[in-house]
Amino acid sequence: QVQLVESGGGLVQTGGSLRLSCAASGRTFSSDAMGWFRQAPGKEREFVTAIRSGGSTYYADSVKGRFTISRDNAKNTVYLQMNSLKPEDTGIYYCAKGRAISSSWNGYDYWGQGTQVTVSS
């Protein structure tokens, strides 16, 4: 079994920053893709960003230039640095692990419990 544990969510003002982390317990982390999704109030789950095992990244247009995904394979951890936050970034953020990068939720095998990010207007 693989377990993903997220942390770093919270309340921040517009224009502020947060850094989310997701620690994976499995032994295959270094060879897997990792992604972040979010779900805003009243909206569908939305792809945010993903990173391949080799480090290449992919971002949704809505966060490109503001968010940065990174990973530390030695620590089995993926990070999401969120800058210039906007109220529309508010939502529950989920990390996910899969064998290949994907912008679709069904491309991932394991999911974290989610962490709340709230950006005040």
Side-chain angles (χ1 to χ4, degrees):
Q1 283 288 335
V2 174
Q3 186 174 14
L4 305 178
V5 180
E6 303 168 357
S7 62
L11 174 65
V12 66
Q13 70 276 14
T14 298
S17 298
L18 283 174
R19 192 189 194 200
L20 308 183
S21 64
C22 178
S25 63
R27 294 184 177 182
T28 61
F29 177 83
S30 62
S31 61
D32 290 343
M34 297 292 296
W36 288 94
F37 289 75
R38 68 187 182 188
Q39 189 163 19
K43 296 184 178 180
E44 299 291 325
R45 180 167 46 183
E46 176 188 28
F47 171 77
V48 178
T49 181
I51 186 168
R52 300 183 189 274
S53 61
S56 59
T57 57
Y58 177 47
Y59 295 92
D61 289 341
S62 59
V63 305
K64 195 174 299 181
R66 300 187 298 120
F67 290 12
T68 303
I69 187 172
S70 62
R71 65 191 298 163
D72 186 337
N73 290 337
K75 296 182 178 180
N76 289 347
T77 302
V78 63
Y79 304 94
L80 180 62
Q81 179 66 47
M82 304 185 295
N83 299 325
S84 301
L85 283 163
K86 306 173 181 179
E88 52 261 45
D89 294 319
T90 293
I92 303 174
Y93 283 69
Y94 302 90
C95 65
K97 179 181 179 183
R99 290 187 172 90
I101 197 169
S102 177
S103 61
S104 299
W105 67 269
N106 58 7
Y108 299 87
D109 301 314
Y110 302 95
W111 293 82
Q113 79 287 351
T115 185
Q116 177 70 44
V117 172
T118 302
V119 184
S120 61
S121 60

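One is the number of the first residue; the rest follow in order along the sequence.
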Determine whether a donor-acceptor pair (N or O, by modelled atom type, separation under 3.5 Å) exists between the side chain of [X] and the backbone of [Y].
| X | Y | answer |
| --- | --- | --- |
| Thr90 | Val119 | yes |
| Ser104 | Asn106 | no |
| Ser25 | Gln3 | yes |
| Arg52 | Tyr58 | no |
| Glu6 | Gly114 | yes |

Rounded to the nearest 0.5 Å, what separation is found between the [atom1] atom of [X] and the [atom2] atom of [Y]?
| X | Y | atom1 | atom2 | value |
| --- | --- | --- | --- | --- |
| Asp32 | Ile101 | CG | CD1 | 12.0 Å |
| Met82 | Thr49 | CE | OG1 | 11.5 Å |
| Tyr93 | Glu46 | OH | CD | 8.0 Å |
| Ile92 | Gln39 | CD1 | CD | 6.5 Å |

Cluster overlap [X] with [Y], hydrophobic side-chain contacts below 4.5 Å:
| X | Y | result |
| --- | --- | --- |
| Leu4 | Trp105 | no |
| Ile51 | Phe67 | yes |
| Val48 | Tyr110 | yes |

Which atom of [X] lies closest to which atom of [Y], heavy atoms considered:
| X | Y | answer |
| --- | --- | --- |
| Leu20 | Gly9 | CD2-N, 3.5 Å |
| Ser120 | Pro87 | O-CG, 4.4 Å |
| Phe47 | Tyr59 | CE2-C, 4.2 Å |
| Ser62 | Arg38 | OG-NH2, 3.5 Å |
| Gly91 | Pro41 | CA-CD, 4.5 Å |
| Leu18 | Leu85 | N-CD1, 3.9 Å |

Just to verify, what does [X] make a side-chain hydrogen bond (donor to acceptor under 3.5 Å, both in side chains) with, not counting sequence neighbours?
| X | value |
| --- | --- |
| Arg66 | Asp89 |
| Asp61 | Lys64 |
| Ser121 | none |

Output all residues satisfying salt bridge (charged side-chain N to carboxylate O under 4.0 Å, His left out) with Arg19, sequence neighbours left out; order by chain, then residue number.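 None.
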Less than 4.5 Å apart, side chain to side chain, heavy atoms only: is that true for Tyr108 and Phe37?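 The answer is yes, as the side chains (C-beta and beyond) meet within the 4.5 Å cut-off.
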Using side-chain heavy atoms (C-beta onward) and a distance below 4.5 Å, is Trp36 in contact with Val78?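 Heavy-atom side-chain distance check passes, below 4.5 Å.
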Could you list all the salt bridge (charged side-chain N to carboxylate O under 4.0 Å, His left out) pairs where at least one residue sits in residues 102-121, not counting sequence neighbours?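 Salt bridge (charged side-chain N to carboxylate O under 4.0 Å, His left out) check on residues 102-121 returns Arg99-Asp109.
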Residue pairs passing the disulfide (SG to SG under 2.5 Å) test where at least one lies in residues 65-100, sequence neighbours excluded: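 Checked against disulfide (SG to SG under 2.5 Å) - neighbours excluded - the pairs reaching residues 65-100 are Cys22-Cys95.
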Assess whether atom CH2 of Trp111 is packed by more than 12 heavy atoms of other residues, nucleotides or ligands within 6.0 Å.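 Enclosed: over 12 neighbouring heavy atoms sit under 6.0 Å from CH2 of Trp111.
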